[in-house]
Amino acid sequence: MGFAGSNTTSALIGWCVACIGAGSACTMFFAMVDDTVDFGEWKTGIRANGFLTAIGAAFCIQMGSGLGSFIVSMLLNSVGFDASHAVQSAISLTGIHLSFIWVPIIIYIISLILMVTYRKWERHEPVVQKELAEREVEAEEA
């Protein structure tokens, strides 16, 4: 969006791309929690759906929201942003630009790196599911 400037078409295209990326990241999280539940059961024999979903969905999302707000507030505070001023200084405007363009880009890059490294564990999921299914059949037969 920051690269589009006053070009409305480019801004809308950028916004759509950003929303698709954010939506993918949000849905990937829930798939990862499901894989974590399977892995936990495979490793320990305990299926902790509720616990892992509560920790992942409730606690971690709330912590991320709080941490994100904290980072932006500290950045704006460090550049002298004052919400009571109708006109901000040049350094404050730079801080606003960093907060809304570059900080999210950096966080998305970090998230992308984490998603790419997650693929190692994702490749292991079919093995986990197969062994869990075998255990379930064995338990039913016993």
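Position 1 is the first residue of the sequence, and the numbers go up from there.
Side-chain heavy atoms closer than 4.5 Å link hydrophobic residues (I, L, V, M, F, W, Y) into clusters, and following such links, even through other members, never connects Leu114 to Ile61. A single hydrophobic cluster is not seen to contain both Ile106 and Ile71; linkage of ILVMFWY side chains at heavy-atom distances under 4.5 Å, directly or through other members, places them apart.
Considering every non-hydrogen atom in both Glu41 and Arg135, the closest pair reads O-NH1, 3.4 Å. In this structure, Asp38 and Leu132 approach most closely via the heavy-atom pair O-CD1, 3.6 Å. Residue Ile91 comes nearest to Val79 through the heavy atom pair CG2-O, 3.3 Å, listed as atom of the first residue, atom of the second, then distance. Between Leu75 and Leu98, the closest heavy-atom pair is CD2-CB, 3.9 Å. Listed here is the closest heavy atom pair of Asp82 and Gln88: O-NE2, 2.7 Å. Taking all atoms of both residues into account, the shortest heavy-atom contact from Asn7 to Thr9 is OD1-N, 3.1 Å.
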Starting from the C-alpha separation in whole Å, work towards a yes-or-no answer on side chain to side chain contact (heavy atoms under 4.5 Å, CB included) for Trp102 and Ile105.
-> CA-CA 5 Å; Trp102 293 105; Ile105 287 172; 3.9 Å; yes
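Within the 3.5 Å criterion, the main-chain N or O of Phe70 finds a donor-acceptor partner in the side chain of Ser73.
Within 6.0 Å of atom OH in Tyr118, more than 12 heavy atoms from other residues, nucleotides or ligands are found, so the atom counts as buried in its surroundings. For CE of Met63, the number of neighbouring non-hydrogen atoms (other residues, nucleotides, ligands) closer than 6.0 Å is 12 at most.
The line from CG of Leu112 to OH of Tyr108 is 11.5 Å long, rounded to the nearest 0.5 Å.
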